[in-house]
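Before any comments, here is the structure.
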Amino acid sequence: GKVGGRFAMLHRPSSWVGPKYGCEQPSIWLSFSADLLNWPEEHLLARPVFGWEAAKIGGSTPPIRTDKGWLTLYHGVDSQSVYRTGAMLLDLDNPLKILGRTPEPILEPETDAEHKGLVNNVVFPCGNVVIGDMLFVYYGAADTHCCVATAKLNELVDYVASNPA
C-alpha cells in the first residue's frame, strides 16, 4: 500500500557513506515515489547505533502494518562480520519517524547451520508472513540453508514499542 499517497521503499545503498550522506557506515534509507519508476525523494532513516550493528545495517523483510506502526525487520553486521536481526517500528503516517528500535538483536546465529556455511555467522531475513497471531520469518543461514523463525506478532510489536528510538 501507499503511505501518504506515495509508494515507499527501504533500501541500503552501500556507497552512500561520508559527510555528503550524513552517515559513516552503510545505513537504511527511505525513498518515496508517485509512480514506482522515479524515486526523487531520499531520506536517511537509520544509522548503525549499537555494537551488534556497528559495521552496517540494511533492510530485510517487507514492513508489516500493525496497529502500533510499521514493523520493520533489518539486519545488522558487527565488526567481526556477524549478521544479526533487529526490529524497528515506524510511524504509520510518517515512516521517517522511528517509534521504537530493538537495542539487542532478536535473532542471531546460534546453530551450526547458522555458524558454518558459504558465509559464516549469518542470519539474514528475507521474507515474512503473519498467520493468525504468529509472525513467520524466513531467513538464510550462513548463505547455505533456508530457515524459519516464529514469534507472536503482538509480543514482538510491544517489545519494539517499549524501546523508544
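All residue numbers in this chain count up from 1 along the given sequence.
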Which heavy atom of H43 sits nearest to which heavy atom of L96, and what is that distance? CB-CD2, 3.3 Å
Distance in Å, [X] [atom1] paired with [Y] [atom2], rounded so as to fall on 0.5 Å steps:
X	Y	atom1	atom2	answer
L99	M88	CG	CE	11.0 Å
C23	K56	SG	NZ	13.5 Å
Q80	N120	CD	CG	13.0 Å
L90	R65	CG	CZ	12.0 Å
E108	D78	CD	CG	9.5 Å
L92	T66	CG	OG1	6.5 Å

Set of residues satisfying side chain to side chain contact (heavy atoms under 4.5 Å, CB included) with respect to P103, sequence neighbours excluded: F50, Y159, N163
Ring centroid separation for W52 and Y74, is it under 6.0 angstrom? yes
Would you check if L153 and D133 make a side-chain contact, meaning some heavy-atom pair closer than 4.5 Å? no
With heavy-atom distances below 4.5 Å as the criterion, would you say the side chains of V157 and D67 are in contact? no
Measure up the W16 and H11 rings against each other and bin them: parallel (under 30°), tilted (30 to 60°), perpendicular (over 60°). perpendicular
Mind telling me whether Y83 and H75 have parallel, tilted or perpendicular rings, with 30° and 60° as the class edges? parallel
Under 6.0 Å from the six-membered ring centre of W29 and within 45° of its axis: does the NZ or CZ of R12 meet both? no
Could you tell me whether the side chain of S15 and the main chain of P13 form a donor-acceptor pair under 3.5 Å? no
